[in-house]
S.K.: 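I have a structure here, written as structure tokens, and I will follow up with some questions on it.
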Amino acid sequence: MNKLTSYTIKEIHKAYRDKLLTPTSFVDLCLQKAKQTSELNAFVTLTEDIAENHGIQSEKRFYIDKNSKPLDGITIGVKDNFCTNNVRTTCASEMLRDFVPTYDATVYSRLRESGACLVGKTNLDEFAMGAGTIDSIFGPTRNPWGYKRNDNSWRIAGGSSGGSAVAVSSGACVAALGSDTGGSTRNPAALCGIVGLKPTYGLVSRYGLIPLVNSMDVPGILTRNIDDAAKILNCIAGPDNLDSTTIKKKFKPVTMKEEFDLTHVRIGIPKEYHCEGMSPEVLDTWRFVTDLLENQKAVIKTVSLPNTSVSIAVYSILNQCEVTSNMARYDGLEYGLRTSEDYSTEELYASTRSQGFNNVVRSRIFSGNYFLLRQNYEKYFIKALQLRRLISDDFKKVFKGDGAVDILLTPTTLTDAPTFEEFSSKHNRDQCAFQDYCTQPANMAGIPALSIPIRLSKNKLPLSLQLMGPNLSEELLLNVAKKIETIVQFPSLESVNLN
Ligand code: GLN
């Protein structure tokens with residue numbers, strides 16, 4: 001079983017064909033693993049019956065109909081902010097604790113159409129606001145790396161898609177969906193030693209993803225290797241009539257090359273990403289991979305993204321403004337929590353929203369309203385939009401014209417996974433400002449980015465790097481990442497020792 005948790009989709013399918021394994025038995029193994037590791041708190045809801053049923057359907061297609069689909073018998077976790085028909089979708093918030101949607105998010109229905117089997121809905125920071133998966137009404141998610149029972153020094157999983165990252169890294173599923181607004185897929189992937197891909201904005205439908213920041217949200221993909229991420233992307237990407245912001249052009253599936261040649265690929269190292277607080281180990285890992293790529297004949301160039309330093313402030317203003325508007329729908333009237341029938345309308349709004357949201361959500365609504373006040377609107381919101389344009393233009397410039405590069409290489413996070421104690425002693429705003437320093441700019445520019453694990457730190461925790469490229473450069477990013485993956489041979493977490 002432990003070895004199985006490190007198999008690729010291709011290897012699992014081969015094992016099905018060779019009858020060394022069947023979809024139903026694999027689904028059972030994953031469910032067992034999820035239960036065995038339940039104290040990591042990766043799942044909000046384990047969908048056992050659904051998983052078994054999906055496994056049976058896959059098995060029939062595999063062996064009886066002989067007409068299998070690309071993800072048949074492949075177990076998945078879905079972050080609990082994607083709507084799933086008849087399966088509760090909570091956003092880890094009191095507000096939606098009992099909310100059961102009547103429709104599926106497009107990404108989930110596409111995974112299902114491809115044969116994937118749903119193991120469960122995964123934990124997150126309330127409404128995906130956070131960088132640690134510690135602010136959930138179901139309690140924090142724990143990082144499996146270095147985890148020991150009854151040891152208080154356990155590490156955070158990263159966030160906000162920490163449940164999805166832990167479900168994949170601990171072997172409870174092969175792949176998972178996260179969402180990425182400022183780094184929420186790449187950040188937990190980095191801290192849990194797996195691959196996290198944030199596709200180009202609009203390449204993957206947001207329909208059914210409960211919105212945080214509509215202009216930046218992208219469904220993300222978490223897997224244990226690059227080939228699997230490419231496979232999942234090929235199943236979920238492409239236009240969707242239900243999301244008017246999806247790119248209208250037909251999606252051309254990405255092709256993974258067995259032997260990708262890095263000669264002449266131009267890789268930029270943005271100097272502004274050498275920032276305060278970056279650990280020497282991260283810096284060293286960044287240098288190590290830069291040298292490694294140079295040895296493979298890639299062309300390395302130092303580049304500048306001059307507006308990086310304002311990016312955290314700009315992100316935080318725009319985030320809070322959109323959050324304010326998005327959270328207005330939770331009023332106790334249509335769906336979600338309703339505190340009492342006896343109140344006046346105003347009292348009902350106030351009591352529902354104060355009981356339904358945690359401090360983080362309430363404080364973002366509060367600041368967002370402040371930034372949007374008539375007297376502040378120009379000073380904050382409009383200014384932040386102008387700066388966002390400059391941040392986005394910085395990327396356009398490095399990817400075009402004289403001296404251009406094809407992709408950028410940076411760290412994903414500034415350190416390895418902090419302990420829960422260390423992380424939770426800081427305010428949510430400071431946690432995000434620190435953790436998301438390298439990830440948020442890609443969301444503001446809408447460009448694709450992925451995180452790939454490289455090696456272990458002195459603490460025996462994953463250290464990861466990020467690749468970013470121009471819009472729709474997923475194929476190049478994935479191929480370069482695969483080359484790195486093949487060379488560095490990052491160790492897989494074979495077994496989570498819970499004894
Ligand atoms: N940490 C960031 C925030 O809280 C990003 C969250 C996300 O990507 N969902 O806003």
Side-chain angles (χ1 to χ4, degrees), residues 78-82 91-93 107 122-136 140-141 156-165 176-191 196-199 201 204 206 209-222 311-327 357-368 371 384 388 412-414 417-418 423-424 426-451 466 468:
V78 173
K79 186 175 180 179
D80 212 20
N81 58 352
F82 286 95
C91 280
S93 172
V107 263
T122 58
N123 203 12
L124 65 153
D125 288 299
E126 185 160 331
F127 283 100
M129 297 185 205
T133 314
I134 63 163
D135 288 319
S136 154
T141 294
I156 61 152
S160 63
S161 315
S164 289
L177 289 177
S179 59
D180 197 312
T181 308
S184 276
T185 293
R186 288 160 285 156
N187 174 301
L191 301 188
L197 170 66
K198 174 199 105 64
Y201 180 83
V204 179
R206 289 183 294 117
L209 165 61
I210 296 175
L212 173 62
V213 180
N214 307 48
S215 70
M216 299 182 205
D217 293 343
V218 183
I221 298 168
L222 298 112
S311 141
I312 288 283
V314 172
Y315 171 87
S316 133
I317 293 172
L318 295 176
N319 175 299
Q320 288 161 14
C321 293
E322 290 199 43
V323 160
T324 296
S325 137
N326 272 324
M327 295 296 140
F357 293 137
N358 70 1
N359 283 342
V360 176
V361 179
R362 285 204 304 270
S363 75
R364 290 199 193 188
I365 295 173
F366 197 70
S367 335
F371 294 137
R388 177 181 183 173
T412 313
T413 57
L414 307 190
F423 188 76
S424 56
K426 291 193 206 134
H427 189 280
N428 173 279
R429 190 187 44 239
D430 302 326
Q431 293 161 2
C432 295
F434 186 72
Q435 284 288 330
D436 302 342
Y437 184 88
C438 296
T439 51
Q440 286 175 356
N443 296 78
M444 278 185 286
I447 58 173
L450 76 75
S451 177
Q466 173 180 242
M468 296 184 272

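Remember, it's 1-based here, ligands and their atoms both numbered in the order they're listed.
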S.K.: One residue to check: Asp217. Relative to ligand 1, which of side chain, backbone, both or neither has a non-hydrogen atom less than 4.0 Å away?
M.R.: neither
S.K.: What atoms in ligand 1 come closer than 4.0 Å to a heavy atom of Asn319?
M.R.: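 Per the distance check, 10 (O).
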S.K.: At a 4.0 Å cut-off, with the gap strictly under it, does some heavy atom of Ser160 reach an atom of ligand 1?
M.R.: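 The answer is yes: ligand 1 sits under 4.0 Å from a heavy atom of Ser160.
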S.K.: So does Met444 get a backbone contact from the side chain of Arg388, meaning a donor-acceptor N/O pair under 3.5 Å?
M.R.: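 Here the side-chain-to-backbone pair exists.
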S.K.: Suppose I only count heavy atoms of Gly130 and a 4.0 Å limit; which atoms of ligand 1 are within that range?
M.R.: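 Selected atoms, number and element: 1 (N), 2 (C), 3 (C), 4 (O), 6 (C).
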S.K.: Mark up the atoms of ligand 1 that fall under 4.0 Å of a heavy atom belonging to Gly183, in ascending order.
M.R.: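 Near Gly183, meaning under 4.0 Å from one of its heavy atoms, ligand 1 has 8 (O).
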S.K.: Under 4.0 Å from ligand 1, counting heavy atoms only, is it the side chain of Leu212, its backbone, both or neither?
M.R.: side chain
S.K.: Counting distance only, does the side-chain N/O of Arg186 pair as donor-acceptor with the main-chain N or O of Gln466 below 3.5 Å?
M.R.: no
S.K.: Any donor-acceptor pair under 3.5 Å linking the side chain of Thr412 with the backbone of Asn187?
M.R.: no
S.K.: Could you check atom 1 (N) of ligand 1 against the protein and tell me its nearest heavy-atom contact, residue, atom and distance included?
M.R.: Asp436 OD2, 2.5 Å
S.K.: Which bit of Arg364 gets closer than 4.0 Å to ligand 1, counting heavy atoms only: side chain, backbone, both or neither?
M.R.: side chain
S.K.: How does Thr181 reach ligand 1, by side chain, by backbone, by both or by neither, if only non-hydrogen atoms under 4.0 Å count?
M.R.: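 Under 4.0 Å from ligand 1, Thr181 contributes backbone and side-chain atoms.
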S.K.: For Thr133 and Pro140, indicate whether the former's side chain and the latter's backbone hold a donor-acceptor pair under 3.5 Å.
M.R.: no
S.K.: List ligand 1 atoms under 4.0 Å from Gly182, heavy atoms only on the residue side.
M.R.: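 Counting from 1, the qualifying ligand atoms are 5 (C), 7 (C), 8 (O).
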S.K.: Are the side chain of Asp135 and the backbone of Glu126 linked by a donor-acceptor contact shorter than 3.5 Å?
M.R.: no
S.K.: If you count the atoms of ligand 1 from 1 in the order shown, which ones are under 4.0 Å from a heavy atom of Tyr315?
M.R.: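 Answer, ordered by atom number: 2 (C), 3 (C), 5 (C), 6 (C), 10 (O).
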S.K.: Using a 4.0 Å cut-off to any heavy atom of Ser184, which atoms of ligand 1 qualify?
M.R.: 5 (C), 6 (C), 7 (C), 8 (O), 9 (N)
S.K.: Got a donor-acceptor contact below 3.5 angstrom from the Ser164 side chain to the Leu177 backbone?
M.R.: yes
S.K.: Just which atoms of ligand 1 are under 4.0 Å from any heavy atom in Met129?
M.R.: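 Listed by number with element, the hits are 4 (O).
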S.K.: So does Thr185 get a backbone contact from the side chain of Asp180, meaning a donor-acceptor N/O pair under 3.5 Å?
M.R.: yes
S.K.: Just to verify, which of Asn123, Asp125, Thr141, Asn358 counts as forming a side-chain hydrogen bond (donor to acceptor under 3.5 Å, both in side chains) with Ser136?
M.R.: Asn123
S.K.: Would a distance-only check, ignoring hydrogens and angles, find a side-chain to backbone donor-acceptor pair under 3.5 Å from Lys198 to Ile447?
M.R.: yes
